> 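Starting off with a structure, shown below.
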Amino acid sequence: MSRVTALIDGNNFYASCEQSLDASLIGRPLVVLSNNDGCIVARSSEARALGISMGTPYFKVRHKLDRLGVVVRSSNYALYGDMSQRLMSLLEAHCEELEIYSIDEAFAYVNGPSDDNLKPWARQLRAQVHRNLGLPIAIGLGASKGQAKLANHLAKAIPAHAGVFNLLTASDPDTWLESVAIENVWGIGRKLAHWCRLRGVTNARQLRDMPRSQLHARCGVVGIRLQRELQGHACLPLALAPTSKQETCVSRSFSRPIANPEELRQAIATYVVRASEKLRRQQQRAGTLTVFTRTSPFAPAFYSQAATIQLDLPSNDTAILLAAALPLVERIYRPHCRLNKAGVLMQNLQSADHLQQHLLVAVHADEQHRRDRLMNTIDRLNHRYGSGTVGWAVCGMQPGWSMRRHQLSRAATTRLNDVPLVLA
DNA sequence: TCTGGGGTCCTAGGACCC
DNA sequence: TCTGGGGTCCTAGGACCC
């Protein structure tokens, strides 16, 4: 038996989710925008063929998209999250061990005899995902996560591979590695790609074979690990049990600059409410809370400020976290600055069931239980009747700075009113 | 006018201790 | 005049990922 690592991911995931919901979009150029309708974060293959690149600010290409007849959608994370869950449960049923790596990607171990060709297994899985969910996926196979990533890239980049590629059984793997540009190697970002190119390292094969000491001097152990992975030594094991988060952040850009300290208070309060909900869902409490705001980094005279408070006792109680956060707002607000983003950061997280050995905890145990039950009730009401059913006055009603999402698709899989009607 | 959001890991350097 | 060495902890910043 040999153990092969697979990387399975959705092609153009957000765009494909929109298409699976609305069949009239299939075959058409389509882009999905980031929050606030800011940048292009996903493109259908037809949009890609038109030369529309990832990360482009929407306002710069809006007219071009109109002219080319490209369909535009605001991001609909309720839909993508729900499709992701369906995809992952299907994958779980077909893989021995699975690490859910992101909303649209999973690593898996696949066991088979050493001479086994895993292509039939991969083709069958790919077909079933398409049949059940309407989503196209790609499957890359290799000896390590790094190799599986490369194979996945080649599965998508070469049409003849039809979404499945196994680096371990490929006839001339070095040639395939040479066809992958250094920028497309997992773990090589903009800075490192530039550094590599200056040294004549322009593709995955050259990175794999470059002098180890040179890589170590620039990238430390991270670089060495990456190189070993490309050589086929698995250094990064699958994370099979999800680990608890070390920090949790809620932040947003505003649809227009914040005009006064009261608006900033409302925004911070809104994010604290969200972050507290997240903490409770993760069954964690925060020991440290940071609020921050900034102006646009693209405008002159950049301003950015943060303020932090250590809590007496770690908490996930919205009222306590609001009381801690709101006094910090005046420390970060600055008049005459066009503040366009703010957020809160919860840090020093600890498990909520962990009873802290602290005198005050014992003294206030009853009170704490009462508060926990209250928060639990609020969470259940909001879950059942829709987010915002029970709100907090400090967040403001109908704020003028909230997110722009002009081209939102329906929440067909998660909200009853939006379920598509099928006429018999 | 208009440029996303939420994470992780690693390293270097300072503070502090014995 | 001459001022050690090694360890730990914390933080800020850099780089990356999707």
Side-chain angles (χ1 to χ4, degrees), chain A residues 7-14 31-42 53-63 65 72 74-77 80-81 84 99-107 145-146 149 152-153 182-196 215-226 229 235-236 239 242-257 271 274-275 278-279 282 284 287-288 290 292 294-299 302 304 306 308 310 338 340-349 401-406:
Chain A
L7 175 66
I8 307 164
D9 74 349
N11 302 356
N12 322 320
F13 187 68
Y14 297 168
V31 298
V32 178
L33 305 178
S34 66
N35 276 338
N36 237 348
D37 292 348
C39 301
I40 291 172
V41 293
S53 48
M54 194 76 164
T56 311
Y58 176 48
F59 75 90
K60 285 189 179 175
V61 291
R62 171 185 252 143
H63 295 301
L65 299 184
V72 177
S74 300
S75 42
N76 184 345
Y77 289 105
Y80 313 146
S84 173
E99 172 190 343
I100 298 173
Y101 181 68
S102 75
I103 192 164
D104 74 328
E105 271 179 80
F107 286 102
K145 283 183 167 178
K149 271 276 189 183
N152 176 281
H153 177 82
I182 190 73
E183 289 77 13
N184 293 325
V185 176
W186 187 48
I188 301 293
R190 245 199 12 236
K191 295 271 169 77
L192 287 180
H194 180 69
W195 177 85
C196 285
L215 203 54
H216 186 258
R218 175 68 171 81
C219 314
V221 300
V222 179
I224 298 305
R225 210 151 51 199
L226 173 57
E229 285 263 316
C235 308
L236 301 165
T243 52
S244 46
K245 289 201 188 310
Q246 303 187 17
E247 56 182 42
T248 282
C249 174
V250 174
S251 72
R252 294 282 182 282
S253 299
F254 307 125
S255 54
R256 58 155 173 79
Y271 305 151
R274 276 278 108 72
K278 273 189 173 184
L279 288 175
Q282 294 160 195
Q284 290 181 305
T288 306
T290 297
F292 61 90
R294 64 159 174 75
T295 58
S296 166
F298 303 99
F302 180 64
S304 165
T308 298
Q310 305 283 337
R338 295 169 60 81
N340 92 325
K341 179 173 178 172
V344 305
L345 193 55
M346 302 289 181
Q347 292 165 302
N348 281 332
L349 304 188
W401 42 264
S402 56
M403 214 164 43
R404 226 181 355 247
R405 288 158 92 186
H406 288 319

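What you see is a predicted model; the values in this text were computed from it and never measured. Each chain gets a letter, A, B and so on, in the order the sequences are listed, and its residues count up from 1.
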> Please report the C-alpha distance between S74(A) and N76(A) in whole Å, then the side-chain angles of each, then the deciding distance to 0.1 Å, and finally whether the side chain to side chain donor-acceptor pair (under 3.5 Å) criterion is met.
CA-CA 6 Å; S74(A) 300; N76(A) 184 345; over 6 Å; no
> Taking V41(A)'s backbone N and O only, do any of them form a donor-acceptor pair with S34(A)'s side chain (distance below 3.5 Å, no angle check)?
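No: the side chain of S34(A) does not pair with the backbone of V41(A).
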> Looking at every strand, decide which applies to V185(A) at a 4.0 Å heavy-atom threshold: base, sugar-phosphate, or nothing.
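Here V185(A) touches the backbone only, sparing every base.
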> Using atom CZ of R218(A) as one end and atom C1' of dT11(B) as the other, report the distance to the nearest whole Å.
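From R218(A) CZ to dT11(B) C1': 12 Å.
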> Taking CG from L226(A) and P from dC10(B), how many angstroms apart are they, rounded to a whole number?
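One finds 13 Å between P of dC10(B) and CG of L226(A), rounded.
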> Would you indicate what E247(A) reaches in the nucleic acid, counting non-hydrogen atoms under 4.0 angstrom: base, sugar-phosphate, or nothing?
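Since a base atom lies under 4.0 Å of E247(A), the category is base.
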> Check the orientation of W186(A) and F107(A). Use parallel for under 30°, tilted for 30 to 60°, and perpendicular for over 60°.
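W186(A) and F107(A): tilted rings.
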> Provide, to the nearest angstrom, the distance between the CG atom belonging to L215(A) and the P atom belonging to dC16(C).
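Answer to the nearest Å: 12 Å.
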> Going by an N to O cut-off under 4.0 Å, is there a salt bridge joining E99(A) and K145(A)?
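Judged by the 4.0 Å cut-off on N to carboxylate O distance, E99(A) and K145(A) do form a salt bridge.
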> Would you classify I188(A) as touching base, sugar-phosphate or nothing, given that sugar-phosphate means primed atoms plus P, OP1 and OP2, and contacts are heavy atoms under 4.0 Å?
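The residue I188(A) makes sugar-phosphate contact but no base contact.
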> To the nearest Å, how far apart are K145(A) NZ and dC18(C) C1'?
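It is 14 Å, rounded to the nearest whole Å.
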> dC16(C) phosphate, OP1 or OP2: any side-chain N/O from K149(A) under 4.0 angstrom?
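Indeed not, no polar side-chain atom of K149(A) lies that close.
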> Rounding to a whole Å, what distance do you find between I103(A):CD1 and dG7(B):P?
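Between P of dG7(B) and CD1 of I103(A): 13 Å.
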> Please classify the nucleic acid contact of R256(A) as base, sugar-phosphate, or nothing, using heavy-atom distances under 4.0 Å.
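Here R256(A) touches no strand at all.
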> Tell me whether the OP1 or OP2 atom of dA15(C) has a side-chain N or O from W195(A) closer than 4.0 Å.
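Negative; the distance criterion is not met.
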> What nucleic acid atoms does S75(A) come within less than 4.0 Å of, heavy atoms only: base, sugar-phosphate, or nothing?
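S75(A): no heavy atom of the nucleic acid under 4.0 Å.
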> Would you mind pulling out the nucleotide paired to dC18(B), Watson-Crick or G-U wobble, both distances under 3.5 Å?
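Checking every strand shown, dC18(B) finds its partner in dG5(C), with both distances under 3.5 Å.
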> Answer with base, sugar-phosphate or nothing: what part of the nucleic acid does L33(A) contact at a heavy-atom distance below 4.0 Å?
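It contacts nothing in the nucleic acid.
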> How about V72(A) and Y58(A): do any of their side-chain heavy atoms sit closer than 4.5 Å?
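Yes. Closest side-chain heavy atoms under 4.5 Å.
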> Return yes if some donor-acceptor pair links the side-chain N/O of E229(A) with the main-chain N/O of L236(A) below 3.5 Å, else return no.
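Flag set: sc E229(A) to bb L236(A) pair under 3.5 Å.
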> Classify the ring geometry of Y271(A) against F254(A): parallel below 30°, tilted from 30° to 60°, perpendicular beyond 60°.
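Answer is parallel, since the angle falls under 30°.
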> Please report the distance, rounded to the nearest Å, between NZ in K191(A) and P in dC17(C).
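About 13 Å, once rounded to whole Å.
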> Rounded to whole angstrom, note down the C1' distance from dG4(C) over to dC17(B).
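The answer is 14 Å between these two C1' atoms.
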> Rounded off to whole Å, could you give me the NZ-to-C1' distance for the K245(A) and dC17(C) pair?
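Those two atoms, NZ and C1', are 13 Å apart.
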> Looking at S253(A), is its backbone amide N or carbonyl O close enough to the side chain of N36(A) to form a donor-acceptor pair, meaning the two atoms are under 3.5 Å apart?
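Yes: the side chain of N36(A) pairs with the backbone of S253(A).
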> Would you tell me if any nitrogen or oxygen in the side chain of R225(A) comes within less than 4.0 Å of OP1 or OP2 on dC10(B)?
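Yes, such a contact exists.
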> H194(A) has an atom NE2; how far is it from atom P of dG14(C), in whole Å?
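Rounded to the whole Å, the gap is 17 Å.
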> Protein-nucleotides 1-5 of chain B N/O pairs closer than 3.5 Å?
residue, atom, partner, partner atom, Å
dG4(B), O4', S34(A), OG, 2.8
dG5(B), OP1, S253(A), N, 2.3
dG5(B), OP2, S253(A), N, 3.4
dG5(B), OP2, S253(A), OG, 2.8
dG5(B), OP2, K341(A), NZ, 3.3
dG5(B), O3', S251(A), O, 3.4
dG5(B), O3', R252(A), NH1, 3.1

